[in-house]
Amino acid sequence: MYLAATYLSSGSELLLEILGPGLIGGLFLPMLGALPDAMLILVSGISGTAAAAQSQVSVGIGLLAGSTVMLLTAIWGTCCIVGKCDIENSTAVDLKDTKGLSLTGSGVTTDIWTSYAAMIMAVSVLPFIVVQLPQLFHSTSGRHLAVLIALIISLSLLVTYCLYQVFQPWIQTRKLAYVKHKHVISGILKHLKKHSLGRLFTDHGTPNVEVIEKLFNSIDENGDGHLSHAELKALVVGMRLEEINLDENDAVAKVMKDFDKSCDDKVDLHEFIAGVEKWLYEARGSNGSSPGAGANTIKYIDDFHEETRREHSLLGEDQSDEIVEGVENPRKVAIKAGLLLLLGTIIAAVFADPLVDAVNNFSSATSIPSFFISFIALPLATNSSEAVSAIIFATRKKKRSASLTFSELYGAVTMNNLLCLSVFLAIVYARGLIWNFSSEVLVILIVCVVMGVLGSIRTTFPLWTCLIAFTLYPFSLVLVYVLDYVFGWS
């Protein structure tokens, strides 16, 4: 199963080099990553009599819970440690690691998309809650129906998640372009404030038209009463916004579109005044100030500029920032990727059944519950390639690599919660099995919600946060044991 997971991971990466993100990265690869787990869960409940299947599915639920807990605790915490950088101004500085194992002074920073991935992961536990409702209300008649409803919800969320992953690169590009434009606006306002011959706001809190007119005349180099594309470009270039990767021609085109209401490809004085007034109100409104604020509200231009810079930083780097080298022989790489994926799938399918039997036999011989064997041992086989890949990537000690690492972990858990759970629920419903996994579900809920909330409300994770992750692993094992064997939940 480790070999199968490795082949599937290698084939996926090769395929991604050729086809890029979107359909492959968003839909195909997450499903392939969850394939070994799904195969084991399928085999654990599909063979033999219903009674045998009922005893074997504990292997499947153990694997499902173990994979989720391992990725969000041991692997998450390890990635936080190996990827740590010095934290300055609440942000981890790329490639700077001088503070050692400082619990508050070192850590990792991710982009806002990683926070979204954590939110989605937390929402993906909804089917677990639905399927547990009959047990919560001590009802036996509605259990079969609850399994069906949870299956429908799980499949619906799975389709929605895959569509989101497919369209996310496009959404990310559009959002980044919008924030870059806001940053250009804030930069122009800051530049105008710096070079104005008076205050941009009057004492009554309204834009100072006289000062804006003087600024127009200073930008209008040829004195023809209009600002051309070249004159606006000189203004944008003069701002020197080095902190963002800016396409100056695109930035000027968007500024021209904001100003040029007559669509004659030039900006007259009235259009310039109207445009600057609109920007000034937007800058002040973004800080929650009332329209009637006084002239001292000019400081909101600086605040607006800092806010847009921070927004850009949270969104991460543009995909075009990285140099993507062309694949020399795409046909050869595609064939190799296909063979690796096929081989990994075949190995997973062939060895899933013997592995489930081996777990059950080992459980019988040692009197160790099969759940604990599958919870601890099987994730090491089926998720090892993802774990190693995530840890190696985290060692690059950059914000972008940290974002991709944690997004990969959240995505893997989301796919466990949706794809693997859908397979599990389908088996339980089709074979009429009894759903009695309350303690296992509670463990998954606690770990996913705690780590999901932590990941969604923060973008910087000091080292102390990894202690929360590491503590959750033994806590999960102890909780299941106490609930099942002390309180008799199972």
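Here F437 pairs with F424, W435 under the ring pair (Phe, Tyr, Trp, His ring centres under 6.0 Å) rule; sequence neighbours left out. For P462, the side chain to side chain contact (heavy atoms under 4.5 Å, CB included) partners are I87, R458, W464, T465, not counting sequence neighbours. With sequence neighbours excluded, the residues forming a side chain to side chain contact (heavy atoms under 4.5 Å, CB included) with T395 are V82, listed by chain and number. Taking the salt bridge (Lys or Arg N to Asp or Glu O under 4.0 Å) definition, one finds that K84 meets it with D97, sequence neighbours left out. Shown here are the ring pair (Phe, Tyr, Trp, His ring centres under 6.0 Å) partners of Y481, two or more places apart in sequence or in another chain: Y485. The salt bridge (Lys or Arg N to Asp or Glu O under 4.0 Å) check on K233 picks up nothing, with sequence neighbours excluded. For I457, the side chain to side chain contact (heavy atoms under 4.5 Å, CB included) test picks out V453, with sequence neighbours left out. Listed by chain and number, the residues in a side chain to side chain contact (heavy atoms under 4.5 Å, CB included) with Y178 are K182 (sequence neighbours excluded). The ring pair (Phe, Tyr, Trp, His ring centres under 6.0 Å) check on F259 picks up F272, W279, with sequence neighbours excluded. Here E88 pairs with K96 under the salt bridge (Lys or Arg N to Asp or Glu O under 4.0 Å) rule; sequence neighbours left out.
Within the 4.5 Å cutoff, no side-chain heavy atoms of V57 are placed close to those of I61. Proximity of I185 to D258: side-chain heavy atoms (C-beta onward) are separated by under 4.5 Å at one or more points. In this structure, W76 and V413 have side chains that are not in contact, with every pair of non-hydrogen atoms separated by 4.5 Å or more. Within the 4.5 Å cutoff, the side chain of L421 has no heavy atoms near those of the V131 side chain. In this structure, Y410 and L71 have side chains that are not in contact, with every pair of non-hydrogen atoms separated by 4.5 Å or more. Inter-residue side-chain proximity for L472 and V69 is flagged as unmet; no heavy-atom pair is nearer than 4.5 Å. Side-chain contact between S102 and L463 is absent, with no heavy-atom pair separated by less than 4.5 Å. Between E440 and F375, every side-chain heavy-atom pair lies at or beyond the 4.5 Å cut-off.
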What donor-acceptor contacts under 3.5 angstrom involve side-chain atoms of residues 33-41, with partners at least two apart or in another chain?
from	atom 1	to	atom 2	distance (Å)
D37	OD1	T382	OG1	2.7
D37	OD2	S67	OG	3.1

Could you tabulate the donor-acceptor pairs under 3.5 Å formed by side-chain atoms of residues 331-357, not counting sequence neighbours?
from	atom 1	to	atom 2	distance (Å)
T345	OG1	L341	O	2.7

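When all heavy atoms are compared, the tightest approach of L95 to C85 is N-SG, 3.8 Å. The shortest heavy-atom contact between T460 and S90 is OG1-O, 2.8 Å. Nearest approach of A118 to G455, heavy atoms of both residues: CB-C, 3.6 Å. The two residues F470 and T78 make their nearest non-hydrogen contact at CZ-N, 3.6 Å. Minimum heavy-atom separation, T68 to C448: CG2-SG, 3.5 Å. When all heavy atoms are compared, the tightest approach of S401 to R396 is OG-CB, 3.7 Å.
A donor-acceptor pair under 3.5 Å is absent between the side-chain atoms of S154 and the main chain of A150, judged by distance alone. For the pair T471 (side chain) and L467 (backbone), a donor-acceptor distance under 3.5 Å is present. Counting only distance, with no hydrogens or angles, the side chain of D94 and the backbone of K399 share a donor-acceptor pair below 3.5 Å. Of the possible donor and acceptor atoms, none in the side chain of N417 sits under 3.5 Å from a partner among the backbone N and O of V125. Remark: side-chain polar atoms of S363 are paired, donor with acceptor, to backbone N or O of I368 under 3.5 angstrom. The backbone N or O of H183 sits less than 3.5 Å from a side-chain atom of S186, completing a donor-acceptor pair.
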Is there a side chain to side chain contact (heavy atoms under 4.5 Å, CB included) between I446 and L479? Walk through the geometry before answering. CA-CA 11 Å; I446 290 174; L479 182 62; 3.7 Å; yes
Please assess L151 against V428 for the test side chain to side chain contact (heavy atoms under 4.5 Å, CB included), listing each intermediate value before the final yes or no. CA-CA 10 Å; L151 175 59; V428 171; over 6 Å; no
Run the side chain to side chain contact (heavy atoms under 4.5 Å, CB included) check on D484 and F371 step by step: do they pass? CA-CA 11 Å; D484 280 352; F371 168 83; 5.6 Å; no
Verdict with reasoning, S476 to V480, per side chain to side chain contact (heavy atoms under 4.5 Å, CB included): CA-CA 6 Å; S476 301; V480 172; 5.7 Å; no
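In this structure, I444 CD1 and N416 CG are separated by 8.5 Å, a value rounded to the nearest 0.5 Å. For the atom pair T414 OG1 and I120 CD1, the distance stands at 7.0 Å (nearest 0.5 Å). Atoms CG and CD1, from L63 and I376 in turn, are 13.0 Å apart once rounded to the nearest 0.5 Å. For the atom pair OG of S438 and CG of L483, the computed distance is 9.0 Å after rounding to the nearest 0.5 Å. Separating the SG atom in C420 from the CG atom in L425 is a distance of 11.0 Å, to the nearest 0.5 Å. Atom OG1 of T110 and atom CZ of F461 lie 4.5 Å apart (nearest 0.5 Å).
Taking the charged nitrogens against the carboxylate oxygens, K254 and D250 do have a contact shorter than 4.0 Å, which makes a salt bridge.
The aromatic rings of Y116 and W113 lie perpendicular to each other, with more than 60° between the two planes, well past the 30° mark.
Side-chain polar atoms of T109 and T91 form no donor-acceptor pair below 3.5 angstrom. Side-chain contact check for D111 and T114: at least one donor-acceptor pair (N or O, by modelled atom type) lies under 3.5 Å.
Within a 6.0 Å radius of OH in Y7, other residues, nucleotides and ligands contribute 12 heavy atoms or fewer.
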